[in-house]
Amino acid sequence: MGRSILSSQHSTQQSTRATVTVFAESGSWIESDAVDQCHQVAALDGMIHVAGMPDLHPGKGAPIGAAMLSSVLYPLLVGSDIGCGIAVFPIRLKRVVPERLAGRFPDLDEPVDPADLPGTDIPAGYTDQLGTVGRGNHFVELARVDEVLDGGHAERLGLTAGDTVLIVHSGSRGLGERILRSHTEVHGAGPAADPAAYLAAHDEAVRWGHLNRRIMAERVADALGAELGEPVTDVCHNSAEVRGGHYLHRKGAAPGDGTDVLIAGTRGTRSFLVAGHAGAGAGHSVAHGAGRKMSRSDALRRGRAKHTVEELRRTAVGSIVVCGDRQLLFEEAPGAYKRIEQVIGDLVAHRLATPVVSTVPLVTYKTADLAPRKGGRR
DNA sequence: ATGTAC
């Protein structure tokens, strides 16, 4: 049986072990398995501090929603989707009718032809998935700025209530996976034998991720006949950086020190753009999303009993979810995630971030909508 | 989250 978090910010310190701090209020439920994973990470050689974000949940090997500072570089603590992040682009549309716009989204499972990207500096050796969104929690969402919560900051970003924005959550696809696998095949969960070489490959995946998010935004803007602005934020939440002579690993945690970050809600609830001002105790980081409340398999099993496909495709806030994959629709159901307001509230309570604006989904693209098959289910 | 194996 795992422990539960009883204090609002509980830390443990042993002479040879790293500190673990979880930034969640006592009312916020955090799965004990995820806290156990933080302590397992804290026991690794060289580990100095583990900061759990309020969206902390169990991951494969390492917790998701954590910043981990160590004197040793562990590729597994960044995971396979190196450079995954969230960008927000202002986008100007003539008419905003979700039903019509949903049908005009491009197929973001189909890569772009690099020949169609003249003058683009494409990281070497990996072009076959450029412009694709991937699966899992990735999405491309047309959203409306809902509430302005910090007027001065929103104005500096050029955001006003009622504006439309395009939120792109995606990563480095097969490239990051390949980089991690080439490490684990030789060293397993152990440290990087050649940190500089890992970081060079990592940086390429980060660049690829940024480029991929921009390409997708341009594809969507083209298909919708919309004008796309420069991103107001584009921040990775799976990364490693050298900091004060140590390695700061982030897995499902965004840089949160002087950074504006879009913290994603769910496909059917709001998201929040926040100004991060997290210190060393929080690993200079903020949360990256609502955080899973249920495993994918639980969400699938319980979702099938609780929801119809129709209500997941047309959400409570009136948005449309483009997703031809029924299983993914259930796995990503809003109910499979924590309440984003709780996550944001925890960040505010611990003075890690200040909300700037909230956004409400209009159309969320997950994966191509399948054409109905005659006589069959889809 | 991913490519790949089942």
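Only heavy atoms go into these numbers, but all of them, side chains included; no hydrogens, no water, no symmetry mates. In what follows, every chain begins at residue 1, and chains take the letters A, B, ... in the order their sequences are listed.
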Exercise. How are the rings of A/F105 and A/Y365 set to each other: parallel, tilted or perpendicular (split at 30° and 60°)?
Worked result: parallel

Problem set entry | Ring geometry between A/H237 and A/H288 (parallel below 30°, tilted from 30 to 60°, perpendicular above 60°) | perpendicular

I need the [atom1]-[atom2] distance between [X] and [N], as an integer number of Å.
| X | N | atom1 | atom2 | result |
| --- | --- | --- | --- | --- |
| A/W208 | B/dT2 | CH2 | P | 10 Å |
| A/Y126 | B/dG3 | OH | C1' | 9 Å |
| A/K366 | B/dA1 | NZ | C1' | 11 Å |
| A/R181 | B/dA1 | CZ | C1' | 13 Å |
| A/L77 | B/dA1 | CG | C1' | 16 Å |
| A/L175 | B/dA1 | CG | P | 17 Å |
| A/L180 | B/dT4 | CG | C1' | 16 Å |
| A/E331 | B/dT2 | CD | C1' | 13 Å |

For this session: Check every strand shown and say whether A/Q129 touches a base, only sugar-phosphate, or nothing at a heavy-atom separation below 4.0 Å.
Result: sugar-phosphate

Exercise. Taking 4.0 angstrom as the limit, do A/D260 and A/R156 come out as a salt bridge?
Worked result: no

Exercise. Does the distance from a Lys or Arg side-chain N to an Asp or Glu carboxylate O, for A/R313 and A/D369, drop under 4.0 Å?
Worked result: yes

Between [X] and [N], does any side-chain N or O lie under 4.0 Å from OP1 or OP2?
| X | N | answer |
| --- | --- | --- |
| A/R178 | B/dG3 | no |
| A/H138 | B/dT2 | yes |
| A/R135 | B/dG3 | no |

